[in-house]
Amino acid sequence: ETWVSHHGGHGSESTRGVIVADNATHSILAGVTDVWGPTDVYGIKELPEDATILLKGQILAGMEPSATPVEDKRNDPMMPLFWVRELTSPDRDSKQRIVTTTMGAASDFERGDLRRLIVNAAFWCVGMDDKIKPDLDVAFVDPFVATPFGFNKFVGGKLPADYALQTQKPALEETTDKAQASLSAAMIDGTEEGWQEMKDSDFQNVNCDEDTWTWKEDGTLYCKGTPVGVLRSAKDYTNFELVLQWRHLKEAGNSGVFVWSSLKSLESIKPGQLPEGIECQVLDHGYTQAYEKSSGQPADWFTTNGDVFPVGSSTMKPFPPLSPNGVRSFPNGEFTNGFNEWNHYYIRAINGEVRLWVNGHEVSGGNDCDPATGYIAFEAEGSPIEFKNIRIRELK
């Protein structure tokens, strides 16, 4: 196949793979139920007569899986999206099996059904049809970081070593520390090429007391929690990856990690105030009960498992699931440990998009952030907390 055209709207209309009913029993489709991707349907001129189409591309009027199909002639008929061929070659005893799909951008592979489709197709292509099962494990081996599709959204400066399987490292489960054992062996820990440790000299107190933030000899950053305020990075960042571990030292603790806070907002805040930016929430589970008891209101507008949301004049389009008011990106699972237990955050901020992983699981985020450059800030918000193993990798 070769490039022909955009058939759907690039960046505005996503794709659903519709199974061709006559070919629904093909082994490649075992366990495949809902193929969706944020990239648009591509145009196809014509296919060879021996091509068997398994999926056709339905154009959706939006960038979410819940979007409805567009009601125009581009969906009638729909373009081929995934097809197979079996060719006879004079120097082969068996037919050569070939698979083609116009899906496959990094962000498309965040959905399990496309991964299942490709795994099944790999088995089919080499004649291992008997290995195809509808419940094959198609989970990522390592944490998967999808770069956005589109022009000039690639990440430069990458080396093959950056993609070495992290699962080959000694399993963290071997440690006797309960909190450490909860961390996945596939965790991005910031020890790969290009990462730098962030220490005392990499941060500045903004609006807290002199003893609010204390660096211990082992590199752990202790925060007493008062007054409310932040410690910010000494320099600003645009595209970067950040890893850190944190633990609340008191039940119902509250804190957060800000990215892309503007210098203007940081310079203008007084003790007891917080800057603008995109906040990755750091809450202890006990905060929910404490909030409901003190306010008499239901704690339905936040979670304790890694909300991501804009603060102040900053703006962001949150990824679903959303908070009731639509401002926060709620986490898609509950992976946070309780107080006195360490948690691991991996934050990826690039080209106006923020994504958060909690203890090895991608849970929340958003795009179209404004501003999309600024300072990193750690939040003191009334309760003692510790941070450690803070590392950053700048991206071009």
Side-chain angles (χ1 to χ4, degrees), residues 1-3 6-17 32 34-42 55 57 59-60 62-65 67 81-82 99-122 137-167 184 186-188 192-195 238-243 308 316-320 329 332 346-357 360-369 372 393-396:
E1 178 54 36
T2 187
W3 165 254
H6 287 289
H7 189 63
H10 178 74
S12 61
E13 295 176 332
S14 57
T15 299
R16 166 150 287 113
V32 175
D34 185 18
V35 174
W36 175 86
T39 52
D40 55 283
V41 176
Y42 282 0
L55 294 174
I59 303 172
L60 302 185
M63 297 297 288
E64 304 296 338
L81 182 74
F82 188 104
V99 168
T100 306
T101 177
T102 56
M103 292 187 77
S107 51
D108 289 337
F109 280 102
E110 292 182 313
R111 299 276 293 190
D113 271 68
L114 181 61
R115 300 198 300 271
R116 184 174 302 282
L117 196 67
I118 298 302
V119 169
N120 290 353
D137 183 4
V138 295
F140 293 120
V141 178
D142 276 356
F144 178 70
V145 181
T147 50
F149 62 87
F151 292 112
N152 299 318
K153 293 187 177 181
F154 60 88
V155 178
K158 290 290 189 178
L159 301 173
D162 293 325
Y163 301 96
L165 287 178
Q166 298 182 47
T167 48
S184 165
M187 199 75 65
I188 294 177
E192 299 82 13
E193 184 79 20
W195 288 85
T238 301
N239 296 334
F240 64 91
E241 298 169 282
L242 178 71
V243 295
V308 175
M316 180 189 81
K317 180 181 178 182
F319 296 150
S329 173
N332 56 26
Y346 166 59
I347 300 170
R348 180 177 178 275
I350 180 171
N351 295 331
E353 179 180 273
V354 176
R355 292 176 180 263
L356 171 65
W357 281 253
H361 304 270
E362 184 180 1
V363 297
S364 52
N367 55 21
D368 294 338
C369 296
R393 175 161 62 178
E394 286 194 78
L395 306 172
K396 296 180 180 180

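Since this is a predicted model, take the numbers as computed values, not measurements.
Panel note: side chain R115, backbone E110; a donor-acceptor pair is recorded below 3.5 Å. Side-chain atoms of S107 do not come within 3.5 Å of backbone N or O of P148 as any donor-acceptor pair. At least one donor-acceptor pair closer than 3.5 Å links the side chain of R393 to the backbone N or O of E193. At least one donor-acceptor pair under 3.5 Å links the side chain of T15 to the backbone N or O of V41. D40 places no side-chain N or O within donor-acceptor distance of the main-chain N or O of E13, the cut-off being under 3.5 Å. Between the side chain of N332 and the main chain of E362, a donor-acceptor pair closer than 3.5 Å is present. Side-chain N or O atoms of S329 include one that pairs as donor or acceptor with a backbone N or O of G365 at under 3.5 Å.
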| request: Decide side-chain contact (heavy atoms from CB on, under 4.5 Å) for E394 and T238; before the verdict, give the C-alpha distance in whole Å, the side-chain angles of both, and the deciding distance to 0.1 Å. | output: CA-CA 8 Å; E394 286 194 78; T238 301; over 6 Å; no

| said: Applying side-chain contact (heavy atoms from CB on, under 4.5 Å) to F82 and V35, what does each step give before you reach the verdict? | reply: CA-CA 11 Å; F82 188 104; V35 174; over 6 Å; no

| request: Could you go through the side-chain contact (heavy atoms from CB on, under 4.5 Å) check for L117 and L55 one step at a time? | output: CA-CA 10 Å; L117 196 67; L55 294 174; 3.5 Å; yes

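Nearest approach of G37 to S14, heavy atoms of both residues: O-CB, 3.2 Å. Summarising the geometry of A121 relative to V99, their closest heavy-atom pair is CB-CG2, 4.0 Å, with the distance given to 0.1 Å. Of all non-hydrogen atoms in A349 and V354, the two that sit nearest each other are CB-CG2, 4.2 Å. What you find for A372 and G352 is that their closest heavy atoms are CB-CA, 3.7 Å. The shortest non-hydrogen separation linking R348 to W357 is CB-CZ3, 4.0 Å. Here the closest non-hydrogen pair linking W36 and M103 is C-CE, 3.9 Å.
In this structure, the separation between NZ on K317 and CD on E353 is 11.0 Å, given to the nearest 0.5 Å. Taking CD1 from I350 and CZ from R355, the interatomic distance works out to 11.0 Å, rounded to the nearest 0.5 Å. To the nearest 0.5 Å, the span separating CD1 on I59 from CZ on R16 amounts to 13.5 Å. Atoms CG and OG1, from N351 and T147 in turn, are 9.5 Å apart once rounded to the nearest 0.5 Å. Between the CD1 atom of I347 and the CD atom of E241 there is a distance of 11.5 Å, given to the nearest 0.5 Å. In this structure, the separation between NE2 on H361 and OH on Y346 is 15.5 Å, given to the nearest 0.5 Å.
F319 meets the ring-ring contact (aromatic ring centres under 6.0 Å, His included) test with no other residue; sequence neighbours excluded. H7 meets the ring-ring contact (aromatic ring centres under 6.0 Å, His included) test with no other residue; sequence neighbours excluded. Contacts of Y42 classified as ring-ring contact (aromatic ring centres under 6.0 Å, His included), with partners at least two apart in sequence or in another chain: W3, H6.
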